[in-house]
Amino acid sequence: MAIRVVIADDQEMVRTGFRMILESQPDIEVVADVVDGEAALAAVAEHHPDVLLLDIRMPKLDGLEVTRRLSAHNGPRIVIVTTFDLDEYVHAALHGGASGFLLKDASPAMLVEAVRAAAVGDSLVSPAITVRLLREMAPRTAAAAARRPAEPLTERERDVVRCLARGLTNAEIAAELFVSLSTVKTHLANVQAKLDARNRVEIAAWAWESGLAAGAA
């Protein structure tokens with residue numbers, strides 16, 4: 001079945017461009033595109049999409065509030081697409097439960113892969129966003145305030161998390177650590193459970209906040 005997508009952005013050119021890119025793929029269907037946060041919530045309620053592409057700055061309800069509300073009710077996977085004007089906005093969205101982050105000038109291929117990754121519960125985060133945002137925001141959160149894992153991470157799990165914090169994909173992590181893709185996924189699943197994290201983006205944020213990723217960039 002096709003991945004059902006809703007696009008929410010107050011710029012018509014952005015919505016039109018995203019729709020054209022996504023609808024050119026045989027496995028993706030854009031079921032609605034809307035201009036503000038309230039319309040995004042209404043479209044999600046009506047169409048039950050798998051993925052919501054969401055701008056941060058929108059009229060009525062901004063993307064942060066939309067993310068918070070939908071995450072609290074097990075809504076669709078959310079991919080934030082931003083001009084990266086304010087790092088604090090993206091950081092807040094990350095902690096609110098967003099599954100991925102892209103810059104608006106990301107390549108069409110990256111947009112498509114972000115939607116596909118989100119649909120299966122994975123994440124695709126622009127490496128520039130991962131490293132720049134999380135590295136810059138982490139010092140504002142004391143390491144002591146970072147969540148403590150339910151069980152200590154193994155050394156291999158720590159290696160995987162360090163790679164993740166640099167913005168590497170699962171395939172890139174596997175290649176760097178000379179392990180299989182399934183092994184990487186297993187390690188990440190274990191880490192996610194130990195941290196009670198909603199997704200890999202939260203794992204990356206924890207890596208920077210806890211200091212584990214300090215030498216990863």
Side-chain angles (χ1 to χ4, degrees), residues 3 27 49-52 54 67-68 70-80 90-102 110 112-217:
I3 301 168
D27 60 333
D50 303 298
V51 178
L52 171 62
L54 187 62
T67 299
R68 187 188 68 78
L70 292 177
S71 295
H73 294 88
N74 296 316
R77 302 283 181 173
I78 296 173
V79 176
I80 297 292
V90 188
H91 193 257
L94 180 156
H95 284 287
S99 295
F101 297 94
L102 291 178
M110 185 168 286
V112 170
E113 287 308 306
V115 168
R116 288 175 176 155
V120 297
D122 206 341
S123 301
L124 189 152
V125 182
S126 296
I129 293 179
T130 300
V131 176
R132 173 182 164 181
L133 171 68
L134 299 180
R135 182 174 56 201
E136 290 183 357
M137 295 301 297
R140 306 181 193 182
T141 303
R147 73 179 76 184
R148 293 183 178 276
E151 299 177 29
L153 272 59
T154 67
E155 190 55 44
R156 205 50 163 170
E157 288 169 352
R158 293 167 67 87
D159 291 339
V160 170
V161 171
R162 289 189 188 98
C163 290
L164 179 66
R166 288 162 44 205
L168 273 61
T169 64
N170 286 357
E172 291 168 339
I173 295 172
E176 179 154 325
L177 299 181
F178 303 101
V179 298
S180 68
L181 186 59
S182 61
T183 297
V184 171
K185 291 180 178 179
T186 297
H187 284 318
L188 285 176
N190 290 340
V191 171
Q192 186 171 338
K194 289 179 179 181
L195 292 175
D196 191 26
R198 283 169 289 191
N199 51 54
R200 63 191 286 129
V201 184
E202 278 197 3
I203 295 174
W206 173 84
W208 286 102
E209 291 168 354
S210 65
L212 178 61

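All of these numbers come straight from a predicted model, not from anything done at the bench. Numbers for residues simply follow the sequence, beginning at 1.
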Query raised in the report: What pair of heavy atoms forms the shortest contact from Val51 to Ala118, and how long is it?
Result: CG2-CB, 4.1 Å

Query raised in the report: To the nearest 0.5 Å, what is the distance between OG1 (Thr186) and CG (Leu181)?
Result: 9.5 Å

Query - side chain to side chain contact (heavy atoms under 4.5 Å, CB included) between Trp206 and Leu212, worked out - result: CA-CA 8 Å; Trp206 173 84; Leu212 178 61; 3.7 Å; yes

Report task. Taking Gln192 for its side chain and Ala197 for its backbone only, find out whether a donor-acceptor pair lies under 3.5 Å. Result -> yes

Query raised in the report: From Leu54 CG over to Arg77 CZ, what is the distance, rounded to the nearest 0.5 angstrom?
Result: 15.5 Å

**Report entry** Flag side-chain contact, heavy atom, 4.5 Å: Pro149 against Leu195
**Finding:** yes

Query raised in the report: Hey, is the main chain of Ala165 close enough, under 3.5 Å, to the side chain of Trp208 for a donor-acceptor pair?
Result: yes

Query - Steps toward side chain to side chain contact (heavy atoms under 4.5 Å, CB included) verdict (Leu168, Cys163) - result: CA-CA 6 Å; Leu168 273 61; Cys163 290; 4.1 Å; yes

Requested in this report: Only counting residues at least two apart or in another chain, list the ones meeting salt bridge (charged side-chain N to carboxylate O under 4.0 Å, His left out) with Glu176.
Outcome: Arg166

Requested in this report: Show the numbers, then the answer: is there a side chain to side chain contact (heavy atoms under 4.5 Å, CB included) between Val179 and Arg156?
Outcome: CA-CA 10 Å; Val179 298; Arg156 205 50 163 170; 3.5 Å; yes

Query - Rounded distance (nearest 0.5 Å) linking atom CG of Asn170 with atom OG of Ser182 - result: 10.5 Å

Query raised in the report: Where do Val160 and Ile173 come nearest, in terms of heavy atoms and distance?
Result: O-CD1, 4.1 Å

Query raised in the report: So do Asp50 and Pro76 actually touch side chain to side chain, heavy atoms under 4.5 Å?
Result: no

Query raised in the report: Looking at OG of Ser210 and CZ of Arg158, how far apart are the two atoms once the value is rounded to the nearest 0.5 Å?
Result: 7.5 Å

**Report entry** Arg116 bridged to Asp27 by N-O distance under 4.0 Å
**Finding:** yes

**Report entry** Shortest non-hydrogen contact between Ile203 and Leu188, atoms and distance
**Finding:** CD1-O, 4.0 Å

Report task. For the residue pair Ser180 and Thr183, confirm or rule out a side-chain donor-acceptor distance under 3.5 Å. Result -> yes

Requested in this report: Please check if the side chain of Arg162 supplies one atom and the backbone of Glu157 the other of a donor-acceptor pair under 3.5 Å.
Outcome: no

Query raised in the report: Has Lys185 got more than 12 heavy atoms of other residues, nucleotides or ligands less than 6.0 Å from its NZ?
Result: no

Report summary line: Shortest non-hydrogen pair, Ala114 vs Val79, comes out as O-CG2, 4.0 Å

Report task. Could you tell me the separation between the CD1 atom of Ile80 and the OG1 atom of Thr67, rounded to the nearest 0.5 Å? Result -> 4.0 Å

Query raised in the report: Rounded to the nearest 0.5 Å, what separation is found between the OG1 atom of Thr154 and the CG atom of Asp159?
Result: 8.0 Å

**Report entry** Check: Leu153 and Val161 side chains under 4.5 Å, non-hydrogen atoms
**Finding:** yes

